[in-house]
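Both counts, for ligands and for their atoms, begin at 1 and track the order of listing. One-based numbering along the sequence shown.
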Amino acid sequence: MKIGIVCYPTFGGSGVVATELGKALADRDHQVHFVTYNQPARLDFFSENLFYHEVAVSKYPLFEYPPYELALASRLVDVVRFEKLDILHVHYAIPHASAAFMAKQILLTYGIYIPVVTTLHGTDITLVGKDRTYSPVVTFSINKSDGVTAVSENLKMETYEFFDIENEIRVIPNFVDLSRFSLKPKDHFKRAIAPAGEKILIHTSNFRKVKRTPDVIKIFAKVLEKIPSKLLMVGDGEQRSECEQMARDLGVNDNVRFLGKQDAIEEILSVSDLFLMPSQSESFGLAALEAMACKVPVVTSNAGGLPELNVDGVTGYLKDVGDIDGMAESAIHILSNDERLRTFKENALARAKEFDLSIILPRYENYYNEVIERSKAII
Ligand code: GMT
């Protein structure tokens with residue numbers, strides 16, 4: 001198959017899923033064309049089946065807001081026509097699904113019908129889409145897609161609840177490549193971070209408000225009262241300086257390391273004992289899945305799709321959003337007994353295996369085939 005992928009080429013979860021999916025499809029001999037404004041963060045190597053088409057947005061002085069959506073639609077028309085794509089897979093409703101719709105209409109004037117699959121990742125629905133400014137466009141572009149997937153049952157439900165959707169939404173969860181995300185022997189790194197054998201807690205995110213990163217510091221401060229431990233904060237974003245200040249105010253800053261954006265996240269996860277994700281909203285929680293694949297149990301909020309991943313009392317614990325005491329108690333419970341910690345680690349890995357790339361990838365391939373077949377009937 002010749003597949004076009006549109007995504008945000010950043011470190012965000014939707015971009016990671018889109019890029020990893022494209023790489024895996026290329027390994028299975030599909031030809032994959034990424035169409036974005038920047039080289040996707042994890043697309044940093046050569047493969048004969050992978051192509052990158054940059055969307056250049058002109059900076060004409062009249063445009064206070066450069067029209068990215070139009071530039072993307074034009075580029076999609078160009079790539080679909082000249083690369084003879086079979087299907088377009090757009091990640092994130094805004095503005096990708098609407099740009100794809102416009103491209104599709106233009107392509108019809110060339111006698112080409114390009115089926116479009118839209119994948120909903122979460123914030124496009126739970127935050128951006130619910131903003132009335134975007135609601136008509138989100139509803140329209142979901143209904144006009146030839147196929148729609150969501151990364152959890154919860155996100156599917158929320159989409160039906162908040163938008164007037166006529167299309168069927170197929171749930172295809174996030175996945176992890178266990179050949180990359182697995183426990184790595186990094187004992188020297190562990191000794192450097194925790195020289196006295198302290199337990200290591202970790203949080204990775206883009207430090208957006210929705211992640212409630214200050215809660216991570218508050219939870220850690222409570223854990224530290226009971227268990228000698230260190231906290232690794234990986235990533236960067238708007239709440240980072242607030243977290244740094246809070247770590248100082250709570251007197252725990254000597255035990256907290258802010259590592260910024262990191263590529264080899266699996267190596268850092270490999271030295272960690274517990275992952276914290278107190279998010280306000282989380283459609284799936286890819287970062288938690290990546291931690292579990294590296295044998296790290298997770299204490300998370302019960303928001304969104306997290307209960308579909310984290311099994312309460314088995315792979316970690318689920319607590320209400322903002323329940324800092326509850327999350328700290330759960331963390332202490334897991335970390336205070338080595339035998340218990342070992343069991344939680346084994347359980348986390350066993351659960352992560354259910355979301356291995358080799359299991360989820362065929363679900364996308366089958367869905368593409370289904371959508372292409374259905375579209376043939378329309379033409
Ligand atoms: O979580 C983020 O801030 C990034 C965000 C995105 O839109 O790129 O991630 C969303 O998509 C991921 C991949 O499907 C999901 O695993 C995340 O749970 C979801 N984030 C939220 O819903 C907040």
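- Contacts between Tyr92 and ligand 1 below 4.0 angstrom, taking non-hydrogen atoms only, involve the side chain exclusively.
- Counting heavy atoms under 4.0 Å from ligand 1, residue Leu286 touches it through both backbone and side chain.
- Distances between N or O atoms of Gly285 and those of ligand 1 include at least one value under 3.5 Å.
- Counting atoms of ligand 1 from 1 in the listed order, those under 4.0 Å from a heavy atom of Phe284 are 16 (O), 18 (O).
- For atom 22 (O) of ligand 1, the nearest non-hydrogen atom of the protein is Ser283 N, 2.8 Å.
- Heavy atoms of other residues, nucleotides or ligands lying less than 6.0 angstrom from NZ of Lys190 number more than 12.
- In summary, the atoms of ligand 1 found under 4.0 Å from a heavy atom of Ser281, numbered by their order in the structure, are 23 (C).
- Here the heavy atom of the protein found nearest to atom 2 (C) of ligand 1 is Arg208 NH2, 3.1 Å.
- Looking only at protein heavy atoms, the nearest one to atom 4 (C) of ligand 1 is Gly13 N, 3.4 Å.
- Annotation: Gly15 places no N or O atom under 3.5 Å from an N or O atom of ligand 1; distance criterion only.
- No salt bridge links Glu346 with Arg342; every basic N to acidic carboxylate O contact stays at or beyond 4.0 Å.
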Problem set entry | Tyr368/His89 under side-chain hydrogen bond (donor to acceptor under 3.5 Å, both in side chains): CA gap, chis, key distance, verdict | CA-CA 9 Å; Tyr368 292 161; His89 186 177; 2.5 Å; yes
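- When each atom of ligand 1 is checked for a heavy atom of Asn206 under 4.0 Å away, the hits are 2 (C), 3 (O), 4 (C).
- Within the listing of ligand 1, atoms 14 (O) sit less than 4.0 angstrom from a heavy atom of Val151.
- Side-chain contact of Asp320 with Asn302: a donor-acceptor pair under 3.5 Å is present, judged by distance alone.
- Between Arg208 and Glu238, no side-chain nitrogen of the basic residue sits less than 4.0 Å from a carboxylate oxygen of the acidic one, so the salt-bridge criterion is not met.
- In this structure, the protein non-hydrogen atom closest to atom 1 (O) of ligand 1 is Lys211 NZ, 2.6 Å.
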For this session: Evaluate side-chain hydrogen bond (donor to acceptor under 3.5 Å, both in side chains) for Ser98 paired with Ser141, printing each intermediate quantity in order.
Result: CA-CA 5 Å; Ser98 43; Ser141 31; 4.7 Å; no
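- A donor atom on one side chain and an acceptor atom on the other are not found under 3.5 Å apart for Glu198 and Ser229.
- A donor-acceptor pair shorter than 3.5 Å cannot be found between the side chains of Asn369 and Glu365.
- Each of Asn255, Asp254, Asp273 was scored for a side chain to side chain donor-acceptor pair (under 3.5 Å) with Lys230, with one residue passing: Asn255.
- Backbone and side-chain nitrogen or oxygen atoms of Val17 are examined, and none is located within less than 3.5 angstrom of a nitrogen or oxygen of ligand 1.
- Around atom 21 (C) of ligand 1, the closest heavy atom drawn from His121, Glu282, Gln280 belongs to Glu282.
- Closest protein heavy atom to atom 16 (O) of ligand 1: Asn174 OD1, 2.6 Å.
- For Arg374 and Asp146, the salt-bridge test fails: no basic side-chain N is under 4.0 Å from an acidic carboxylate O.
- Annotation: atom 8 (O) of ligand 1 to nearest protein heavy atom, Ser14 N, 2.8 Å.
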